[in-house]
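The structure under discussion appears below in the form of structure tokens.
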Amino acid sequence: MFVAPTFAAKDGPLADLGCETGEDGFVTVDATGRTSVPGVWAAGNVTNPMGQVIIAASAGSMSAAMINADLIEAEIAEKLAP
């Protein structure tokens with residue numbers, strides 16, 4: 001016998017921050033993991049209930065790179081500000 005699992009989003013802290021969720025209850029992100037809240041990224045099964053560990057790790061790696069890029073852009077903007 002096979003039983004289909006029921007996936008339920010557990011996005012407590014992200015929902016508390018105001019991150020947008022889809023109709024399925026999972027956090028909505030772009031291709032880099034950026035949420036609807038500036039400065040907040042998400043990865044893993046809070047965004048993709050079907051993603052296995054390797055998919056979550058890949059999404060986390062992409063998000064980490066984009067967070068780094070965002071921080072560099074902010075630092076450059078700060079240094080160039082009059």
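Below, all heavy atoms of this structure are taken into account, side chains as well, without hydrogens, waters or symmetry copies.
Here the side chain of T47 pairs no donor or acceptor atom with the backbone of A43 at under 3.5 angstrom. With hydrogens and angles ignored, the 3.5 Å screen pairs a side-chain donor or acceptor of S36 with a backbone N or O of E20. Without hydrogens or angle criteria, D30 side chain to G33 main chain gives a donor-acceptor distance under 3.5 Å.
Pairing each heavy atom of A56 with each of G44, the nearest pair is CB-CA, 3.6 Å. Minimum heavy-atom separation, T28 to G22: OG1-N, 3.2 Å.
Using a 4.5 Å cut-off between side-chain heavy atoms of Ile, Leu, Val, Met, Phe, Trp and Tyr, with links allowed through other members, V46 and V40 fall into the same hydrophobic cluster. There is no path of hydrophobic side-chain contacts, each under 4.5 Å, that joins I55 to V27. By the rule that hydrophobic residues join a cluster once side-chain heavy atoms approach within less than 4.5 Å of another member, I72 and M66 end up as members of separate clusters.
Summarising the geometry, atom CG belonging to L80 is positioned 10.5 Å from atom CD belonging to E75; distances are rounded to the nearest 0.5 Å. For the atom pair CG of D70 and CD1 of I67, the computed distance is 8.5 Å after rounding to the nearest 0.5 Å. The distance from atom CD of E73 to atom CG of N68, rounded to the nearest 0.5 Å, is 10.5 Å.
W41 places a side-chain heavy atom less than 4.5 Å from the side chain of T32.
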